[in-house]
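Here is how names work: the chains are called A, B, and so on, in the same order as the sequence lines, proteins then strands, and each is numbered from 1.
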Protein chains: 2
Amino acid sequence: MPLTLRQRNRLAAMHHIIETAMDLFDEHGYSAVTVEQVAAAAGVSPRTFYRYFGTKEGLFATDTHAAVGQDLLAEQLDLDDLPGTLQRIVASVYAAAAPSGEVAAHTPWRGMRYVLEEPAVREAVYTALDDLAERLVAALRSKGVTPTQARVTVRAYLFGVYFGALEQWHLDGRVRPLPDYVQQGSAVLARPPADSNSSR
Amino acid sequence: MPLTLRQRNRLAAMHHIIETAMDLFDEHGYSAVTVEQVAAAAGVSPRTFYRYFGTKEGLFATDTHAAVGQDLLAEQLDLDDLPGTLQRIVASVYAAAAPSGEVAAHTPWRGMRYVLEEPAVREAVYTALDDLAERLVAALRSKGVTPTQARVTVRAYLFGVYFGALEQWHLDGRVRPLPDYVQQGSAVLARPPADSNSSR
DNA sequence: CGCTATATGGCAGTAGGTGTCATATTGACA
DNA sequence: TGTCAATATGACACCTACTGCCATATAGCG
């Protein structure tokens, strides 16, 4: 069932505010722009901004991760193949946002710069990853995986492979396609990682 | 060369503030206690509090992770055996703080409750882990490990194994010793994790 | 067309955090 | 031991993120 008018208006308004905010951030820097300025530039009251996003950093957590996560995750999730799931979702989002191989000034990669460079934004995304991890852990546990195993595995993929790939991709200047990094990252976990005699 | 008097006074003052703060947190809850109240109860000005800890959450990032990390890491770090290094450090800190097997109301485990239960505190610790990860990645790279491999490995151990173990340990009521969880967590990464053909 | 639910804006207030300057304390050195 | 420079502290003013509350407007439905 499609969205009601109110919901569509709400999403459109949020999108507009996000774009407006990113323009201001790109011009003056993240911390130099106040919520009041964003709200004014977008033509809403500060109070409305907070109703939409909760916090200044909510601009990023709402859009990039949560929204994408909801739709794609539901249809792509395969609890028996976490690396594959991650790979498919990232590839899908990346391809949609970067059709020509170039990452344009587009959602959801436009704001990624601030996710990786602004500690406050990064922290907000970490919290979003925490929530996602909690749901995935619950799903894995309902399939009989032990708590510790489920938790460590999910967190290793989200915080290690996914965010690590994102970070390295950004640090390398966003030249090579992001899915390549995710691929490599998964390979690291697939074989006993980075030491001579593994655990012990 | 040992610490100068100023440094020792500073550390003592910080310790006192931390203990005072934890008392207040335990009594009224983290978010219900203001920095102003902590400062007043500890007998310092709010300005001094911020000079010491930077933020309210700095109470946790400064003590638990950074301080321990500096001393122990330097002597325990073995870049060829990350899981072993993690295991030794956690075991060492855990044994020192819980000599009898019980985790007393002691640094650095006393505040751990808020690290795991208060999102703002958790985020601050994540940022501390980010810093530590960056240093470890640099060290690994200088040994010839590729960037992606180094980053994913380090983050998988810090955010996956270490923090995941901490979280599960806390969720389980802190009954079993923490090092056991770290041990199990490392084992998860040591063999290809969480997909159809291995685990479960 | 009118009614109800929901969305918005304005206002006042709380709390976290910083720059600045004056004052006190410390530690080194004569 | 007394003096002086370096450093630590406190007081004040200020900014900004964020919230509760209430009045008002707008959308959607019968």
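Among the heavy atoms of the strands, none lies under 4.0 Å from B/Phe53.
A donor and an acceptor atom, one from each side chain of A/Glu123 and B/Thr127, are located under 3.5 Å apart.
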* To do: Begin from the C-alpha positions of B/Arg155 and B/Glu134 and carry the test salt bridge (Lys or Arg N to Asp or Glu O under 4.0 Å) through to its verdict.
  => CA-CA 9 Å; B/Arg155 295 181 63 90; B/Glu134 208 52 49; over 6 Å; no

* Asked: Where along nucleotides 18-26 of chain D does protein come under 4.0 Å, by heavy atom, of base (B) or sugar-phosphate alone (S), with - for untouched nucleotides?
  -> BBBB----B

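Remark: A/Asp78 pairs with no residue by the salt bridge (charged side-chain N to carboxylate O under 4.0 Å, His left out) rule, at least two apart or across chains. Among residues two or more places apart in sequence or in another chain, the ring-ring contact (aromatic ring centres under 6.0 Å, His included) test is passed with A/Phe49 by A/Phe53.
Protein atom CD of A/Glu36 is 11 Å distant from nucleotide atom P of C/dG10, rounded to whole Å. Distance A/Arg8 CZ to D/dG28 C1': 13 Å, rounded to the nearest Å. Rounded to a whole Å, the CG atom of A/Leu59 is 11 Å from the P atom of D/dA17. In this structure, CZ of A/Arg10 is placed 7 Å from P of C/dT8, rounded to the nearest angstrom.
Of the candidates C/dG16, C/dG9, D/dT9, the closest approach to any side-chain atom of B/Thr34 belongs to C/dG16.
Within the 4.0 Å cut-off from OP1 or OP2 of D/dA8, not a single side-chain nitrogen or oxygen of B/Tyr52 is found.
For the pairing with A/Pro46, the side chain to side chain contact (heavy atoms under 4.5 Å, CB included) check across A/Glu36, A/Gln37, A/Arg51 returns one residue only, A/Glu36.
Closest heavy-atom contact between A/Ala91 and A/Pro179: CA-CG, 4.0 Å.
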